[in-house]
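Scroll down for the structure; my scribbles are underneath it.
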Amino acid sequence: MQDIINGRCGWCGTDELYVKYHDEEWGRLVTDERKLFEFLVLESAQAGLSWITILRKREGYRKAFCDFDPERVARMTGEDVERLMRFDGIVKNRLKIEATITNARLFLAVREEFGSFYDYTLSFFPDGKPITNSFRSLSEIPASSPQSDAMSRDMKKRGFKFFGTTICYAHLQAAGFIDDHLADCICRKGK
């Protein structure tokens, strides 16, 4: 894979949806709790699949999971799980659907304990601040970090599902807690 394609991180290629996601969302710090929950849902749904698969189903996930409202998702029941198993807009994996509901309940508990999921996330970072890496090649970008290791370990203890260190690292990248845009990327040069 090329490191830079059309001035962007090469992983997004030329797919219009991927390019838009790369340019407008990936690596930009998210402070909004609902958006953080959205990324948590989408990243955990991605486990074992490609990100573009989930990105293409994003609107389906939005409809299936109450516009990513964690309070409403936390109240979902077994009946909702059965309904979602027949819903074409998402990956129909019972364990992932059930995990989304469980994770919503745990997300709310973390928010209650820390004041926000944002503050909880920053508690794993040195000085409580996001990290900007300065990689020049896609091959330099790791699949995990000390922050994702610690956060996913803590989340696992709390009962979160489908959120190992690799998925956690992807979440931290997506939500801008770790900015891994390559040094020569237009998104980095625009900062």
Side-chain angles (χ1 to χ4, degrees), residues 11 21 25-58 60-62 64-76 78 80-81 84-85 87 89-126 128 130-131 133 141-180:
W11 60 259
Y21 169 73
E25 293 186 86
W26 193 75
R28 293 180 188 246
L29 187 61
V30 174
T31 59
D32 179 79
E33 293 292 297
R34 188 178 280 199
K35 192 72 162 173
L36 287 171
F37 180 66
E38 175 179 355
F39 278 128
L40 187 133
V41 170
L42 296 175
E43 292 293 349
S44 60
Q46 188 247 328
L49 303 168
S50 69
W51 179 241
I52 192 66
T53 298
I54 301 304
L55 210 50
R56 287 184 179 130
K57 291 182 177 286
R58 190 178 202 173
Y61 276 91
R62 189 177 313 283
F65 294 106
C66 313
D67 200 28
F68 300 110
D69 179 337
E71 286 90 358
R72 288 178 61 201
V73 175
R75 290 191 302 267
M76 292 177 113
D80 292 304
V81 172
L84 293 174
M85 284 298 293
F87 185 75
I90 64 171
V91 174
K92 292 183 249 183
N93 177 310
R94 182 177 303 277
L95 293 176
K96 287 183 180 181
I97 293 168
E98 290 170 345
T100 299
I101 297 166
T102 298
N103 289 352
R105 294 170 183 151
L106 296 168
F107 179 91
L108 294 174
V110 163
R111 208 165 72 178
E112 175 114 356
E113 181 180 343
F114 286 83
S116 68
F117 197 81
Y118 174 81
D119 287 340
Y120 167 73
T121 303
L122 282 181
S123 74
F124 296 97
F125 284 76
I131 294 170
N133 289 315
I141 299 175
S144 63
S145 70
Q147 294 77 26
S148 69
D149 291 346
M151 185 171 170
S152 79
R153 196 169 34 252
D154 186 74
M155 289 176 77
K156 186 176 185 174
K157 274 190 226 165
R158 293 172 184 273
F160 282 87
K161 305 286 185 219
F162 292 100
F163 217 76
T165 188
T166 302
I167 292 296
C168 186
Y169 191 78
H171 171 77
L172 295 173
Q173 289 173 305
F177 291 96
I178 297 177
D179 183 351
D180 275 343

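For reference, positions follow the sequence shown, starting with 1.
Between Val41 and Asn103 there is no side-chain heavy-atom pair separated by less than 4.5 Å. Looking at Met151 and Phe160, their side chains never come closer than 4.5 Å, going by heavy atoms from C-beta outward.
A distance of 6.5 Å separates OG of Ser145 from CD1 of Ile131, quoted to the nearest 0.5 Å. To the nearest 0.5 Å, atoms CZ (Arg28) and CG (Asp179) are separated by 9.5 Å. Of the inter-residue distances, the one linking Met76 atom CE with Leu84 atom CG reads 4.5 Å to the nearest 0.5 angstrom. Here the CZ-CD distance, from Phe124 to Gln147, works out to 10.5 Å after rounding to the nearest 0.5 Å.
In this view, Glu98 and Val81, Arg94, Leu95 satisfy the side chain to side chain contact (heavy atoms under 4.5 Å, CB included) rule, not counting sequence neighbours. Checked against ring pair (Phe, Tyr, Trp, His ring centres under 6.0 Å), Tyr118 has the following partners two or more places apart in sequence or in another chain: Phe177. With sequence neighbours left out, the side chain to side chain contact (heavy atoms under 4.5 Å, CB included) criterion links Leu108 to Pro70, Glu71, Ala74, Arg111. Not counting sequence neighbours, Ser123 has no partner by the side chain to side chain donor-acceptor pair (under 3.5 Å) test. Partners of Ala109 under the side chain to side chain contact (heavy atoms under 4.5 Å, CB included) rule, at least two apart in sequence or in another chain, do not exist in this structure. Among residues two or more places apart in sequence or in another chain, the side chain to side chain donor-acceptor pair (under 3.5 Å) test is passed with Lys92 by Asp88. By the side chain to side chain contact (heavy atoms under 4.5 Å, CB included) test, Pro130 pairs with Leu29, Leu122, sequence neighbours left out.
Screening residues 31-41 for salt bridge (Lys or Arg N to Asp or Glu O under 4.0 Å), with sequence neighbours left out, gives Glu25-Lys35, Arg34-Asp67, Arg34-Asp69, Lys35-Glu38, Glu38-Arg58, Glu38-Arg62. A ring-ring contact (aromatic ring centres under 6.0 Å, His included) check over residues 28-49, counting only residues at least two apart or in different chains, returns the pairs Phe37-Phe107. Applying the salt bridge (Lys or Arg N to Asp or Glu O under 4.0 Å) rule to pairs touching residues 158-169 yields Glu113-Arg158, Asp154-Arg158, sequence neighbours excluded. Within the structure, side chain to side chain donor-acceptor pair (under 3.5 Å) contacts touching residues 40-57 (residues at least two apart or in different chains) are Asp15-Arg56, Ser50-Thr53.
With hydrogens and angles disregarded, a donor-acceptor distance shorter than 3.5 Å links the side chain of Ser152 to the backbone of Ser148. Not one N or O on the side chain of Lys96 forms a donor-acceptor pair closer than 3.5 Å with the backbone of Phe162.
For Phe68 and Phe65, the ring centers are positioned 6.0 Å apart or more.
The shortest non-hydrogen separation linking Thr100 to Val73 is O-CG1, 3.9 Å. Among all heavy-atom pairs drawn from Leu106 and Gly159, the shortest one is CD1-C, 3.2 Å. Between Asp149 and Thr165, the shortest heavy-atom distance links the atoms OD1-OG1, 2.6 Å. Between Ile90 and Ala64, the shortest heavy-atom contact is CG2-CB, 3.8 Å.
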Side-chain polar contacts of residues 167-175 - donor-acceptor pairs under 3.5 angstrom, sequence neighbours left out - could you list them?
from: Tyr169; atom 1: OH; to: Asp180; atom 2: OD2; distance (Å): 2.6
from: Gln173; atom 1: NE2; to: Asp180; atom 2: OD2; distance (Å): 2.9

